[in-house]
Amino acid sequence: MLGKCPFGFMHSLVPQKNDEKSLPALIKDTNSRLYSATTSYHSLEGHEELNEQMKMIDLTEEDLSLLRGMKPAVERNIEYIIEQFYNTVLGVGKLEQIIIEHSSIDRLKNTLRDHIIEIFDGNVDGKYIAKRLIIANIHKKVGLEPKWYLSAFQNLQNVFIQVIYKEINNDLDRVKGVQTVTKLLNLEQQLVLEAYEKENIREKEEQYKIVKNELKQKIAEFSGELVDLSIDTNASVEQLVASSNEVNTSFQRTAASALESQEMAIDGREQLSDLSGQINRIYESTNEMELSVEELSKSSKQIQKIVSAVQDIANQTKILSLNATIEAARAGEHVKGFSIVAQEVSRLAEETKSTVVLIGELTNKSGKLSEQVVKEIRTVQELTKSGKLHSIETSRIFSDIVNSMQSSTQEIVTVEEEIKLLIHTIEGIGSTTAQTAASAEYFKTATDSL
């Protein structure tokens, strides 16, 4: 528990001796001095701003003298003042809880008694100011909000006004007493609230320093990580650029090979077209050969028929020659010449027969060879026909290959351009990353200097 009360007007102070004059008489005496002399404002050495505050609320030495004159009346009513005050304070659950946590009711009543008496001592000096600042710090520590402090002061002021109206019958004197008490209570509120504000500012500054240091640490860590990340990213980008250049080189080689292959495919298609033309010509020639061989075969057959006819004639001639020889033998010496002719005819018929037989064999052999040639020609025709079909199919395939390679080559060229653009973009990223690293380093340096 704290040794001090949570309310500023409850701190223990040493009371002064009571003034022997009555309160109404003292007020009248003070009024007469105010009207007969220049107003004398209370001032404290070394507290220029506070002096200005007291001057602004018109707190004079006469007011302090009047407070001292009011002290006996306050002492007579001190128990009533305390009871009225705490009846109101304890009616607020939050304030009661603060009192229970940090002090006790009896202790606070004794402290309030001493504090009230000190107010009417009329001694506003450095010690008085220092105690009010201590009061503010205690209020702040126990969690008493300014609104409850001001409410409590208003409550105390209301009780003082009741006492003044009870002890003083003259309205002008009552007004003067109320004004004097109000001035001093206002001064106490100024002191305490100013201390509240300074403490809040101090706490905010401390919190700001804590947040600032944490922020600096976080920024420094982030900046360091960003620098490291930027360096790693820059290295990765450089590696990526190198790899992209290698890929681009490979694509260029591939594009060159594709173009060369395309040219070769076009040449192959042209050569295949020439071959197809040659096959067509061979096919046409074989057709002509087949017709010629067929004509030759027909001629051979005609020769065979002629040979057969000549052979028949030779046979008949031989028979006639034989008959002529027989008849010549019968005729004797008169037809001897005719017999020689018949023999020559017989020999000629025999030779003719032999020649015709030979011609027949040759024509027969020629016919067989013609048939064989026709057969081979037909085989060649089949082969050339098949070759022609394959040539057409191969030509079509070559055309497809050429078209496909043209499309592929165009795609490769397009990809090459895209890779160049990608390399340019990556280099831009690398440059940006380098700038980010520099910015992060600058950011880190700037943070360290905060």
Side-chain angles (χ1 to χ4, degrees), residues 1-19 64 67-68 70-164 166-167 181-182 184-200 202-203:
M1 291 181 14
L2 296 176
K4 303 287 183 180
C5 168
F7 301 105
F9 41 78
M10 299 177 184
H11 279 268
S12 175
L13 298 171
V14 179
Q16 302 293 321
K17 293 181 180 179
N18 295 339
D19 199 316
L64 298 180
L67 285 172
R68 288 190 287 271
M70 295 171 64
K71 184 176 180 179
V74 171
E75 288 178 333
R76 287 193 298 271
N77 294 274
I78 191 67
E79 297 302 326
Y80 171 77
I81 294 171
I82 292 172
E83 290 299 323
Q84 288 297 313
F85 175 79
Y86 274 105
N87 286 339
T88 304
V89 170
L90 295 177
V92 180
K94 188 172 184 178
L95 300 180
E96 183 180 11
Q97 185 65 30
I98 292 175
I99 293 172
I100 293 172
E101 288 181 3
H102 299 281
S103 186
S104 65
I105 300 298
D106 292 337
R107 179 171 180 155
L108 292 180
K109 285 183 178 181
N110 292 331
T111 304
L112 178 60
R113 182 181 292 105
D114 296 337
H115 181 78
I116 291 173
I117 291 173
E118 183 189 32
I119 290 175
F120 289 91
D121 283 343
N123 295 324
V124 180
D125 53 15
K127 184 178 180 181
Y128 181 92
I129 301 301
K131 286 182 178 180
R132 269 60 194 168
L133 298 179
I134 293 173
I135 290 171
N137 290 330
I138 293 175
H139 290 168
K140 183 69 177 177
K141 289 179 180 179
V142 301
L144 182 66
E145 297 174 75
K147 62 182 180 180
W148 299 118
Y149 174 79
L150 294 174
S151 298
F153 250 94
Q154 183 62 48
N155 179 28
L156 187 61
Q157 179 176 299
N158 293 339
V159 178
F160 282 156
I161 291 173
Q162 292 177 12
V163 171
I164 290 172
K166 175 183 176 183
E167 294 289 334
V181 171
T182 301
L184 193 63
L185 292 180
N186 180 268
L187 177 63
E188 287 213 358
Q189 291 179 70
Q190 290 182 43
L191 293 172
V192 172
L193 292 179
E194 182 180 6
Y196 257 87
E197 183 180 3
K198 289 181 178 179
E199 182 64 18
N200 283 331
R202 186 191 66 79
E203 289 179 355

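Keep in mind the model is a prediction, meaning the values are calculated, not measured. Residues take their numbers from the sequence shown, with the count starting at 1.
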So, [X] versus [Y]: side-chain donor-acceptor pair below 3.5 Å or not?
X: E145; Y: Y196; answer: no
X: R113; Y: N110; answer: yes
X: E194; Y: Q190; answer: no
X: Q154; Y: N158; answer: yes

How many angstroms lie between atom [atom1] of [X] and atom [atom2] of [Y], to the nearest 0.5 angstrom?
X: R68; Y: I119; atom1: CZ; atom2: CD1; result: 14.5 Å
X: L112; Y: I105; atom1: CG; atom2: CD1; result: 11.0 Å
X: E167; Y: M70; atom1: CD; atom2: CE; result: 9.5 Å
X: L95; Y: T88; atom1: CG; atom2: OG1; result: 10.5 Å
X: K198; Y: N137; atom1: NZ; atom2: CG; result: 10.5 Å
X: L108; Y: H115; atom1: CG; atom2: NE2; result: 12.5 Å

Check: V163 main-chain N/O paired with N77 side-chain donor or acceptor under 3.5 Å: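 No, the answer is negative, given that no donor and acceptor are paired below the 3.5 Å cut-off.
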Is it the case that the side chain of N155 and the backbone of S151 share a donor-acceptor pair, with hydrogens and angles ignored and the cut-off at 3.5 Å? no
Check: [Y] and [X] side chains under 4.5 Å, non-hydrogen atoms:
X: I117; Y: V74; answer: no
X: I78; Y: I116; answer: yes
X: Q162; Y: Y80; answer: yes

Stepwise side-chain contact (heavy atoms from CB on, under 4.5 Å) check, Y128 with N123: CA-CA 7 Å; Y128 181 92; N123 295 324; 5.9 Å; no
Under 6.0 Å between ring centres: does that hold for F160 and F120?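 Yes, close enough.
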Quick one, V124 with L187, criterion side-chain contact (heavy atoms from CB on, under 4.5 Å). Give me CA distance, side-chain angles, the key distance, then yes/no. CA-CA 10 Å; V124 180; L187 177 63; 4.0 Å; yes
side-chain contact (heavy atoms from CB on, under 4.5 Å) evaluation trace for L156 with I81: CA-CA 8 Å; L156 187 61; I81 294 171; 3.9 Å; yes
Nearest non-hydrogen partners of L193 and P146, listed with the distance: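 Shortest heavy-atom contact: CD2-CB, 4.1 Å.
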Would the number of heavy atoms belonging to other residues, nucleotides or ligands and lying under 6.0 Å from CD of E203 be above 12?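 Buried by this count: over 12 neighbours within 6.0 Å.
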